[in-house]
Amino acid sequence: MRSATLFDADAASYTGMVEVLGVIFRAEDDGYAVLEVQEPDGGDGFALVGPVAHLGPGDRAEVSGEWQTHSRYGRQLRAQGAVPLDPADREGQIAYLSTLRHIGKKRAERLVDQHGEEVLQVIAADPQRTFQALKGVSVDQAAAATQSWHESRAVRELHVQLAPHGLAHLAAPIHARYAERALAILHEDPYRLTEVEGVGFARADKIALAADMPPESDKRAQAAAVYSLREAEGAGNSFLPMDELAARTAKLIGLVPDPAVLATARGLVDDDGRIYRELTLESERAVAATLARRLAAPPHLDHDPGESDPAEELTDEQWAAVHGAFASRVSVLTGGPGVGKTRATKEIVLAAEDAGAKIALCAPTGRAARRLQETTGHEAQTIHRMLEWIPGGDPGFGPGRPLPVDLVIVDESSMLNLRLAEVLLEGLAETTHVVFVGDADQLPPIGAGKPFEDLIESGAAPVVRLTQIFRQAAKSMITTAAHEINQGRPPHLEPGPDQERDFFFIERPAPERALETVVEVVAERAAESFGVDPIREVQTLAPMYRGPVGIDALNARLQARLNPDGKQAVGERFRIGDRLIQTRNSHELGLMNGSIVFLRRDDPDEESIVVDTDEGGTLVMPYSETATLKLAYAISVHKAQGCEVPVIVAVCHRSHTRMLTRPLLYTAITRARRDCVLVGDSAALAAAVRRGEGGSRHSGLAARLRDN
């Protein structure tokens, strides 16, 4: 029963059935979409806006919402709910079946012609047999189509269950996370839905309260505490003090929780007033214990680099780092740009080779590992690949089967979080010497903990901090600007005597002008002034995704400017020629989180794309693996850690003030190999330089190392 139809001009609300004619706009992250729809009996179409991204052309849905008038687009319906329905007409059935893997429009038409109006019921009775009966469909293709069918039906049921809560757009990611257990989890423990990206506590809580969860229940408070601690880990904390955890929990549930109740939440541990997730506490204790044992033991490598003449060009600081690699089973080499970390690292490699030691070089990211290999001339790998580790499974090298090497150099160690440090150390024999190399002043790692910083802070390991800037490096304004920022001083914007101008600041306080300037610098000036390919050799960085000069806005404008004629690909998500970034580790494809690729070809028939990697190779990716690809004309500074790019164009604008810090600005500038351009306003630049930290992290590792 409809409360109002399209023709009830004065009605405020609407409930009825609509058919989707087309997609005007669809957001990829929050389920929002603008659709062109019409009622089944025809008539004028109208716009349906809201959390309806789960609907596509040809779909039917029972929708409810409120009419509103948009200043630009006129009258439209803002959806409050949209429950998908099976298509009843031939065109709708064909459109629906065409979405199944290996079916497509022609085979969908054949299915409808063969089985008529009952086609969906026939398929439901025996999908494998029905699909395999189609001419040209192999057994494997029929199996894939069957799996696609079952997924589609399960997702539709989730849509029905979630629609009353306004969460229908989350049905697909929830199904992807829990598969056949999704409905059971939805009913039995809706707070587990917070494990799904895009589902916060408020949304899960809404479902739980609708299912008669008492607002004052211990289970609700404990679920909020677990969620708060998981969020805190995402921001870098290993634990939260009880008072802070209680405050965060109270903010979520609107009630003051009993600390004793929170401390007994499933999976949480009270470690003398510090509340950890159990697995995180185990990781911190394990890292502290293995580092302490290694540091307490005498050096295992019987080699003194001092027995041979040190290279004349090494400074005393660099030579101390080389000696330290052999004098202790754990040592640290740190310093900013231009101070010779690379040269010292190379000398450690040469000394180890002279000693006949078996060595391994690694880094957290593929780009950092490749750069390490280029600068040292020795093979380098990601930590994951070196240990033969696919997260979710056990590493190939671990307790009982250590990596058979005598010395390991870990570059970009500031990127190590607690879990990665744990797996790395567990994969190495305790006799193996480990040299952690990195810049302690860069951004801390993504994930819980800050092992590199804690190791330095604890004083438990020998640390060599290189400070002498080499003459050649001092010619670079980038180098001097980075050191000035690191010291809390605004960088010089004009070259000094004998300096090369490779660092620029363009004042653009107005957001739109800042956006236009970034696009102009990348698209025009980069090629003209720096002689680089604006798509392959320029990387734009920004602190935030949203906002007028955020990553999302930058990507949209840069794609339109740099690749306007690229053919639409992957369901119009990308264009051929686009610069893309992988946002999750895909060990099956050998593509790591942060890897940059360039879209070369799209093959809808094979449901795959071909990309060029930034390592110079090519890779075939099935459509099913492309969900973790995003546009990468602009990326976050965090995503750029561990890499160097010929030209960096970075946003330093007041609209990003809450994210701008000294470590972030320092990290952004030091990603540039040749030239760096900052666009923004001087007030934001000064504010960033003054903010020495992006917020302190709660970590117990340094204290544990000091106590051992």
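Not measured: the values here are computed from a predicted model. Atom set for the values below is all heavy atoms of this structure, side chains included, hydrogens, waters and symmetry mates excluded.
In this pair, Trp149 and Tyr96 present their aromatic rings tilted. The plane angle is within the 30 to 60° band.
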Steps toward side-chain hydrogen bond (donor to acceptor under 3.5 Å, both in side chains) verdict (Ser608, Asp603): CA-CA 5 Å; Ser608 66; Asp603 191 339; 5.0 Å; no

Salt bridge (charged side-chain N to carboxylate O under 4.0 Å, His left out) evaluation trace for Glu109 with Lys106: CA-CA 5 Å; Glu109 290 174 343; Lys106 290 184 179 179; over 6 Å; no

Candidate pair Leu55 and Val23, rule side-chain contact (heavy atoms from CB on, under 4.5 Å), full reasoning: CA-CA 9 Å; Leu55 300 176; Val23 177; over 6 Å; no

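Looking at Lys358 and Glu353, no side-chain N of the basic residue comes within less than 4.0 Å of a carboxylate O on the acidic one, giving no salt bridge. One finds a salt bridge joining Arg536 and Asp612 here, because a Lys/Arg side-chain nitrogen approaches an Asp/Glu carboxylate oxygen to under 4.0 Å. Salt bridge absent: Glu233 and Arg230 never bring a charged side-chain N and a carboxylate O closer than 4.0 Å. Between Glu644 and Arg674 there is no salt bridge, since no side-chain N of the basic residue sits under 4.0 Å from a carboxylate O of the acidic one.
Two residues are said to be in side-chain contact when any heavy atoms from C-beta on lie closer than 4.5 Å; Val349 and Lys346 fail this criterion. Ile609 places none of its side-chain heavy atoms less than 4.5 Å from the side chain of Arg600. Using a 4.5 Å heavy-atom threshold, the side chains of Gln641 and Glu412 count as separate.
Side-chain contact check for Ser283 and Glu422: at least one donor-acceptor pair (N or O, by modelled atom type) lies under 3.5 Å.
For Arg401 and Phe397, the positive end sits near the middle of the six-membered ring, less than 6.0 Å away and at most 45° from its axis.
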